[in-house]
Amino acid sequence: MSEPSPAAAAGDRPHVLYVAWGFPPSRGAGMYRALATANAFAAEGWEVTVLTATRDTFERLTGSDPAAEAAVDPAVRVERIPFDPDRGEEDLARWSRSRVLSPLLWNYLRWLRSSAAFPEGGYGHWRAPLIKAAERIHADRPVDLVVGSANPNVDFTPGEHLHRTHGVPYVMDYRDGWSLDVYTGERAVSRRSRAGRIESRMLESAVEAWFVNEPIRAWHAREHPELEGRLHVVSNGWDPKFLRLRPRERLGSDDGLTFAYLGTIYGPMPLREALEGWRLARSRSELIARSRLVFRGRLGHFAEPDAHAAALLEQYHDDGVAYLGPVSKTEVASVYDEVDALLLIVSRSPFVTSGKVFEYAATGLPIAAVHHPETAATSVLDGRPGWFPVADLTAEQVAEAIQRTGEHAATMTGAELEAARAWAAPLARDEQLLPRIRALRALVGGAR
Amino acid sequence: MSSPPRHVVVLFGSKGSASPGSSLAAETSRLRSLLQEHPRVTVITRGLERDFAGADHLDLAADAPSAVDRALVAVGAGRLHARLRSFPLGRLLNSLGPLDEGRVLWRAARRNGAVRAALKDADVVIAVDAAAVKTAWLARRRGWTPEAYYDHRAASFGLSFGVDGSTVAPTS
């Protein structure tokens, strides 16, 4: 594994196979990391092949963001293979008699078959097509490195396969955790389970494993002390490509301020607490009473939106709360340009950073941080100008943070805004990725 | 479909499963695309109270139950169905039994002359929930309609939202 690959030794550009189910046009939150990683490898002179699912997969299952696909570096070759064409099939002419007989039984049997292939019910069946595609890609143009990006964890299987059969080194980009439930801090799968054994085996052979923050990395280092030197933090970051913001002289208008939340709106986040705090702040502050709060993002992680979140937002309609639908990553800058302050609503967990915290930081806008202080996002924003955290998630505390955020926004100058933006420059995505990509370049050898 | 649909039938199989949140999906539903062509629309439900403005609404809830349904009630199948619904294996068994919502809808639909006529006249049948799939599938299978789709994103058809600027349901 430490020997330079034939391609790299010959002075060619090293070839990285990047395996990511959630690649553009997926609308999943992890898509941005996948997009940035593939582009960063390409920018560093690697030949990049991305192995991902066909476009229709995302239209059927997660929703798609076609505009994000235009952001893929043209030098990146994207190999798309079908993912479970039956799932989400709308045309009933393609539904079998057994599926119509009992969709529940049909789904259960599929789940069993999928789990037999790989212990990840909804994705296990993708293992065989992935490996077949990886073999074909390696035969066409030898692969020097494989980076698998979870989740799903089945994305790790081509790397392990090419390592076992051809000695190709591989990286496991965990992001969060396979065994670790980042919301509870508990083990999600036991070490002795089939999934636990497969994970341990994959980790033992991986050249590196990446995690989005230090608490998650440290948890894995405790679980696998023998791997200490190979576990790295590659945190998320903001994407300069998508965040070209205009200068502003002042924030807000005589009509008040526009507060915004941008990001996926989903179960564990303290949405109700945030909305209660907003309602209370409006009753106490004339400025907030004149202001509005808009939510932009997907309702839940799936193509079918989370009805509970929709209903909750609707309850606060008379409090100046509006849900304005999802927004493409390619359009977020124009949204930030129209708002005056941000609400960062994140689940409570020392393992949860969230991807949006970096983008929020880079906008320069005042931020009411509506999350428990132990949430990992705190460490990212600590010291940032215009950051108003809460000590706990009571309506009282949230209302106070919102009021202070609003007062700060109402008096903020253009120069203060630019200073806050400059503070976040080291949090750019490439700053996190480049050290690892360069280290891997040294590992596979070769010269540009 | 080569030519625009003249008549679209929208089937709701369940009284309560249609998720209002579906209208907030960013992906365009098939139904919404079809409505761009301004076809005649017939909505078939089992007691769903919504304002289907501009559409014909055929409600099966008022129909007398079939002999099979009466017999099932008489032998207490409803109580067994309710008990089985409380655990996963029971739900699996229910999905194969006569009180599965899909089978209930099909029995009701084929007994109602107006519903049968609508299905036979339809260019496209849209099942908006899982309970409507069997009827839509059989309608296509029997040659009553040339096309049938499962489109859960259309589940909010007939609803509108108070949330400002949200992507509201198609209503015409």
Side-chain angles (χ1 to χ4, degrees), chain A residues 25 27 56 58-66 88-109 265 292-300 302-318 320-328, chain B residues 1 11 17-31 88-97 100-103 106 124-127 129-141 145-156 159 161-168:
Chain A
R27 209 176 54 190
D56 67 286
F58 309 112
E59 289 160 12
R60 284 183 286 118
L61 302 179
T62 64
S64 62
D65 185 352
E89 173 59 62
E90 287 189 347
D91 189 350
L92 294 179
R94 294 185 187 145
W95 282 42
S96 65
R97 186 180 292 274
S98 61
R99 185 174 186 178
V100 175
L101 176 73
S102 169
L104 205 59
L105 180 62
W106 184 85
N107 276 321
Y108 178 64
L109 294 175
I265 301 150
R292 65 183 195 135
L293 169 58
V294 299
F295 284 80
R296 299 299 306 266
R298 300 168 56 207
L299 289 165
F302 303 102
E304 183 166 14
D306 180 342
H308 296 293
L312 185 58
L313 290 172
E314 216 171 324
Q315 285 177 28
Y316 293 84
H317 173 248
D318 293 338
V321 174
Y323 173 68
L324 301 182
V327 57
S328 166
Chain B
M1 171 171 288
L11 269 172
S17 69
S19 163
S22 291
S23 72
L24 300 172
E27 304 293 310
T28 303
S29 79
R30 181 175 292 272
L31 176 59
L89 183 59
R91 286 193 285 276
L92 201 61
L93 291 170
N94 272 347
S95 76
L96 295 161
D100 168 66
E101 282 190 307
R103 290 183 179 82
W106 170 243
V124 184
V125 174
I126 299 286
D129 56 24
V133 163
K134 179 183 274 293
T135 298
W137 186 84
L138 282 167
R140 197 207 68 83
R141 188 90 170 174
T145 182
E147 294 184 38
Y149 298 95
Y150 175 40
D151 179 14
H152 66 83
R153 293 185 181 116
S156 52
L159 282 179
F161 291 85
V163 182
D164 285 346
S166 61
T167 313
V168 296

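Each chain gets a letter, A, B and so on, in the order the sequences are listed, and its residues count up from 1.
- Without hydrogens or angle criteria, A:W95 side chain to B:W137 main chain gives no donor-acceptor distance under 3.5 Å.
- Residues that satisfy the side chain to side chain donor-acceptor pair (under 3.5 Å) test with B:R140, not counting sequence neighbours, are absent from this structure.
- Counting heavy-atom pairs under 4.5 Å between each of A:A93, A:P103, A:G88 and chain B puts A:A93 at the top.
- Open room surrounds CZ on A:R292; 12 or fewer heavy atoms of other groups in view lie less than 6.0 Å from it.
- Rounding to the nearest 0.5 Å places NZ of B:K134 at 6.0 Å from CG of A:L101.
- When every heavy atom of A:D91 is checked against every heavy atom of B:A148, the shortest pair comes out as OD1-O, 3.6 Å.
- With A:L104 as the fixed residue, the side-chain contact (heavy atoms from CB on, under 4.5 Å) test singles out one of B:L92, B:L93, B:L96: B:L92.
- To the nearest 0.5 Å, atoms CZ (B:R103) and OG (A:S102) are separated by 7.0 Å.
- Looking at B:R141, only its side chain comes within 4.5 Å of chain A, counting heavy atoms on both sides.
- Heavy atoms closer than 4.5 Å to chain B are found nowhere in A:R99, neither backbone nor side chain.
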